Amino acid sequence: MPELPEVETIRRQLNAKLKNQTIKSVRILKTGRETPHGQAFAKAVTGKKIKMIDRRAKLLIWRFTDGSSVTIHLKLTGRVILVDKKYQPGKHDRMVFEIGPYHLVWSDMRQFGTINFLSSEALKKKLSEYGPEPLEIKSEQLAALFKSPKTRNVKSALLNQEVLAGVGNIYADEALFRSKIRPTRKLGSLTADDRLKLAKAVQEVLKQAIELKGTSSQDYLDAYGQEGKFEKVLRVYQRKGLPCKVCGTPIVRTVVAQRGTHYCPNCQK
DNA sequence: ACATATTCCTGGGGGC
DNA sequence: TGCCCCCAGGAATATG
């Protein structure tokens, strides 16, 4: 599922192609997850010139030269892929864009994803709801976010987009493993050393995942339809019952904060 | 101000 | 082989 590293990978790929290009047409194949609804969406974005492709949290943002924008949240199974002009739309495709000489398809098997056309004010408001970008602050600043509330468990803090932006289930579990912290720990039980280790682990995991172009354990593909390679270095996520790569103890899967949660019962205290 | 439950949805896996 | 049931999960929303 697309988290910060996956969306950042797509952002870089799209920005290289779509910057300074104009949206020539929008074909809506399936309505319901866009605002404004239906043809009003197509009408709003047709003719807009892309100033840059941006990202905030897990949100892909097409910033237009007039200050308006399109935001796409891929949720669990969304894909945004550059295709050629002869492309035949598939079952799960929702929209096909013609942008300068390029063609772009947005698809979403489980239909959780959203796409919105926003005024500059609406975008500003939306982005203000997110916590800081973990790769744009110092590890000490990131560590400070894990101080309170003391009763919140550390996994739900990592997943909460208002605490920090962009971490989802895969990288939360991987960062907790790397910092040897059990996902059920309350923030109030973490030492200053735990918080700093966790902050550094979050940053390391996200950076490495961007280098490897994300994780494709489920449905994620990048803007060229390619899989990410982070899956090969996963240490706990989706490794239930497999031996811990550090100590050999079988990895445990439980549910924390309504999410499947993987950890090593020996390494993570 | 926290946790927990529910909702959206489809493909895939387990059970028989 | 083929049902049926259940489950994954981001985040908005409702409820405790």
Side-chain angles (χ1 to χ4, degrees), chain A residues 1-8 10 29-35 37 55-61 71-80 89-95 106-116 118 122-123 125-131 133-134 145-176 183-190 202 206 209 214-221 227-228 230-231 234 236-242 251-263:
Chain A
M1 59 210 140
E3 303 181 23
L4 186 155
E6 289 76 18
V7 182
E8 177 61 20
I10 292 170
L29 303 161
K30 209 178 279 184
T31 61
R33 301 298 284 177
E34 72 286 352
T35 61
H37 186 260
R55 178 195 60 75
R56 177 86 166 93
K58 303 171 194 171
L59 214 53
L60 186 69
I61 306 165
T71 61
I72 304 178
H73 199 307
L74 299 170
K75 293 285 178 84
L76 305 181
T77 57
R79 293 172 173 173
V80 176
K91 186 179 172 186
H92 303 300
D93 293 350
R94 302 195 68 92
M95 290 193 191
W106 171 48
S107 73
D108 190 351
M109 184 185 75
R110 289 190 214 169
Q111 305 178 34
F112 281 16
T114 55
I115 187 165
N116 303 305
L118 300 179
L123 179 68
K125 182 174 181 298
K126 175 71 190 165
L127 299 189
S128 72
E129 293 163 6
Y130 289 112
E133 285 289 321
L145 304 176
F146 305 130
K147 274 187 174 176
S148 66
K150 295 188 188 310
T151 57
R152 178 182 274 167
N153 67 54
V154 64
K155 170 113 184 200
S156 48
L158 287 169
L159 293 178
N160 189 322
Q161 302 301 299
E162 294 175 15
V163 174
L164 72 163
V167 173
N169 212 30
I170 298 172
Y171 301 110
D173 282 4
E174 292 296 314
L176 286 165
T184 46
R185 287 271 297 279
K186 303 289 181 189
L187 294 184
S189 80
L190 300 181
V202 166
L206 294 176
T215 305
S216 288
S217 62
Q218 274 145 20
D219 301 276
Y220 166 74
L221 296 176
E227 294 189 348
F230 194 83
E231 190 180 350
L234 289 173
V236 287
Y237 184 75
Q238 288 196 338
R239 294 195 70 247
K240 177 189 173 185
L242 296 174
I251 299 302
V252 168
R253 182 186 182 281
T254 55
V255 175
V256 180
Q258 267 63 47
R259 298 284 172 268
T261 298
H262 314 73
Y263 66 94

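Remember, predicted model here, so these are calculated numbers, not experimental data. All chains are named by letter (A, B, ...) in the order of the sequence lines, taking the proteins before the strands, and each is independently numbered beginning at 1.
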*Side-chain contact test, heavy atoms from C-beta onward, threshold under 4.5 Å: evaluate it for A:Y220 versus A:L74 and give yes or no.*
no
*Would you mind reading off the distance between A:E6 atom CD and C:dG9 atom C1', rounded to a whole angstrom?*
14 Å
*So how far is it from A:T261 OG1 to A:N153 CG, rounded to the nearest 0.5 Å?*
8.5 Å
_Donor-acceptor under 3.5 Å (A:R152 side chain, A:S156 main chain)_ = no
*Could you please spell out the steps behind the side-chain hydrogen bond (donor to acceptor under 3.5 Å, both in side chains) verdict for A:Y263 and A:T184?*
CA-CA 10 Å; A:Y263 66 94; A:T184 46; over 6 Å; no
*If you take atom types as modelled and just measure distance, does the side chain of A:R259 reach the base of C:dA8 with a donor-acceptor pair under 3.5 Å?*
no
*When you measure from the side chain of A:Q161 to the backbone N and O of A:A57, does any donor-acceptor pair fall under 3.5 Å?*
no
*Mind checking the CG-CG spacing from A:L159 to A:N169? Nearest 0.5 Å is all I need.*
6.0 Å
*asked:* In whole Å, I'd like the distance from the CD atom of A:Q238 to the C1' atom of C:dA8.
replied: 9 Å
*Could you state the atom-to-atom distance from NZ of A:K155 to P of C:dA11 in whole Å?*
13 Å
*Would you say C:dA12 has OP1 or OP2 under 4.0 Å from some side-chain N or O of A:K126?*
yes
_I want to check one thing: is the phosphate of C:dA8, taken as OP1 and OP2, less than 4.0 Å away from some side-chain N or O of A:R253?_
yes
*Using atom CZ of A:F112 as one end and atom C1' of C:dT13 as the other, report the distance to the nearest whole Å.*
14 Å
*Taking atom P of C:dA8 as reference, at what distance in whole Å does atom CE of A:M1 sit?*
12 Å
*Output the distance between atom CG (A:L206) and atom CG (A:L4), rounded to the nearest 0.5 Å.*
5.5 Å
*Taking for each residue the nucleotide of DNA chain B with the nearest heavy atom, is it A:S148 or A:Q258 whose nucleotide lies nearer the 5' end?*
A:S148
*To the nearest Å, give me how far apart OH (A:Y130) and C1' (C:dA11) are.*
9 Å
_Nearest 0.5 Å, please: how far is CZ in A:R253 from CG in A:L242?_
13.5 Å
_Separation of atom CG in A:N116 from atom P in C:dA12, rounded to whole Å_ = 11 Å
*May I have the distance from A:K240 (atom NZ) to C:dA8 (atom C1'), rounded to whole angstrom?*
13 Å
*What distance separates A:D108 CG from A:R33 CZ, expressed to the nearest 0.5 Å?*
8.0 Å
_Tell me whether A:E3 contacts the main-chain N or O of A:G168 through its side chain, where contact means a donor paired with an acceptor under 3.5 Å._
yes
*asked:* So, does A:H73 get its side chain near the phosphate of C:dA11, meaning an N or O under 4.0 Å from OP1 or OP2?
replied: yes
*Taking any atom under 4.0 angstrom from a heavy atom of chain A, which nucleotides of DNA chain B are the first and last to qualify, 5' to 3'?*
B:dC2 to B:dG11
*asked:* What contact category does A:K91 fall into here, base, sugar-phosphate, or nothing, at under 4.0 angstrom with non-hydrogen atoms?
replied: sugar-phosphate
*asked:* So, OP1 or OP2 of C:dG9: does either fall under 4.0 Å of a side-chain N or O from A:Y237?
replied: yes
*Have a look at A:D108 and say if it touches a base, only the backbone sugar-phosphate, or nothing, with a 4.0 Å heavy-atom cut-off.*
nothing
_Tell me which residues in residues 161-170 of chain A lie within less than 4.0 Å of DNA chain C, going by non-hydrogen atoms._
A:Q161, A:N169
